[in-house]
Amino acid sequence: MEIDAVRSSYRRWAPVYDATFGAITGVGRRRAVEHINRRSGSVLEVGVGTGLSLPNYRSHLKVTGVDYSAEMLAKARERVMDQGLDHVVGLREMDARALDFPDGTFDTVVAMYLVSVVPEPEKVVAEMARVCRPGGEVVVLNHFARDEGTVARLERGLAPFADKIGWHSDFSMERVLGCRALEVVEKRTAPPFGLFTLLRFEKRAHADA
Ligand SMILES: C[S@@+](CC[C@H](N)C(=O)[O-])C[C@H]1O[C@@H](n2cnc3c(N)ncnc32)[C@H](O)[C@@H]1O
């Protein structure tokens, strides 16, 4: 998906996202944030969207969110204001392929339902690893392509419409496993119906991305 398609697709999604895709994916999102809440320090959420996750972070964390879509971010800003979410310390418009933060800035870096949307997901994962401190954690929650079965056929059928629907339905997990700076520490399925996977990585102490 090209970056212009991301912008136009999420401009269309922004008004209806929370009641549609956002609602279906709520349980998985809460599961990922529950895990992060057991950690401490700073969190970067890449592709924060309308900020559906933001009320679920506990107040001991300092959360920064970035997204490429101004319309999705505007919704996130509204949510932070309306709910007085003081643990959200920044929301910035930014391309996940070039994160404007120094190396090792965050204790935890998370991307939920993002990697199958962005152009150049490998570059995004490398950037997430770069801005995570050594020994910190990178968390990826996403749907990944199945090899067989009804869901796999549906994924392949939807694949040509990526620019219209806003994500790649047949996205392979291999594309996020290649970053040498990251070691997989957990891989588990997430609801609904085990359609999603939660991947946790530790940033190696000494490694180039
Ligand atoms: C499916 S939504 C997920 C939003 C949010 N993480 C959630 O859990 O609801 C994907 C988000 O990724 C954002 N996105 C896509 N490409 C991006 C990029 N290159 N840089 C930053 N954000 C991007 C979109 O604007 C959109 O808000």
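The structure presented is a predicted model; accordingly, all values stated were derived computationally and were not measured. Whatever order the structure lists ligands and atoms in, that order sets their numbers, starting from 1.
In this structure, Arg97 has no heavy atom closer than 4.0 Å to ligand 1. Remark: distances from the non-hydrogen atoms of Val66 to ligand 1 are all 4.0 Å or more.
Per-residue contacts place Val48 under 4.0 angstrom from the following atoms of ligand 1 (heavy atoms of the residue considered): 5 (C). The atoms of ligand 1 that sit less than 4.0 Å from any heavy atom of Val117 are 15 (C). Of all the atoms in ligand 1, the ones that sit under 4.0 Å from a non-hydrogen atom of Ser69 are 25 (O). Per-residue contacts place Ile3 under 4.0 angstrom from the following atoms of ligand 1 (heavy atoms of the residue considered): 19 (N). Short contacts between ligand 1 and Gly49, defined as distances under 4.0 Å to a heavy atom of the residue, involve ligand atoms 4 (C), 27 (O).
For ligand 1, the polar-atom distance check finds an N/O of Met112 within less than 3.5 Å of one of the ligand's N/O atoms. Between Tyr68 and ligand 1, a contact under 3.5 Å exists for at least one N or O pair.
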What do the steps show when you test Tyr68 against Arg7 for side chain to side chain contact (heavy atoms under 4.5 Å, CB included), and what is the final call?
CA-CA 7 Å; Tyr68 193 71; Arg7 204 190 279 286; 3.0 Å; yes
Assess whether ring pair (Phe, Tyr, Trp, His ring centres under 6.0 Å) is satisfied between Phe21 and Tyr113, documenting all intermediate values.
CA-CA 10 Å; Phe21 187 79; Tyr113 314 115; 5.7 Å; yes
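Paired with Leu61 under the rule side-chain contact (heavy atoms from CB on, under 4.5 Å), one option of Val89, Val33, Asn37 passes, and it is Asn37. Of the candidates Asp4, Ile3, Val124, Asp95, Pro119 forms a side-chain contact (heavy atoms from CB on, under 4.5 Å) with just one, namely Ile3.
A cation-pi contact, defined as under 6.0 Å to the ring centre and within 45° of the axis, links Arg92 to Phe101.
Atom 10 (C) of ligand 1 has its nearest heavy-atom neighbour, among Tyr113, Phe21, Trp13, in Tyr113. For atom 15 (C) of ligand 1, the choice among Val6, Val46, Asp18, Asp67 with the nearest heavy atom turns out to be Val6.
Note that CD of Glu71 and CG of Leu73 are 9.5 Å apart. Values are rounded to the nearest 0.5 Å. In this structure, NE2 in His87 is found 8.5 Å from OH in Tyr57, a value given to the nearest 0.5 Å. The line from SG of Cys179 to CE of Met128 is 10.0 Å long, rounded to the nearest 0.5 Å.
Contacts with ligand 1 closer than 4.0 Å are made by side-chain heavy atoms of Tyr10 only, the backbone lying farther away. When heavy-atom distances to ligand 1 are checked against a 4.0 Å cut-off, Met94 comes that close only through its backbone atoms N, CA, C and O. At a heavy-atom cutoff of 4.0 Å, ligand 1 is contacted by both the backbone and the side chain of Asp95. Residue-level proximity to ligand 1 for Tyr17 is carried by the side chain, the only part with a heavy atom below 4.0 angstrom. When non-hydrogen atoms are compared, ligand 1 lies under 4.0 Å from the side chain of Leu114 (C-beta onward) but not from its backbone. Residue-level proximity to ligand 1 for Thr25 is absent, since no heavy atom of it falls below 4.0 angstrom.
Counted by atom type alone, Ser53 and Glu45 present one or more donor-acceptor pairs between their side chains at under 3.5 Å. No hydrogens or angles considered: nothing links the side chains of His35 and Glu186 as a donor-acceptor pair under 3.5 Å.
Of all the heavy atoms in Pro191 and Arg31, the pair that sits closest is CG-NH2, 3.6 Å.
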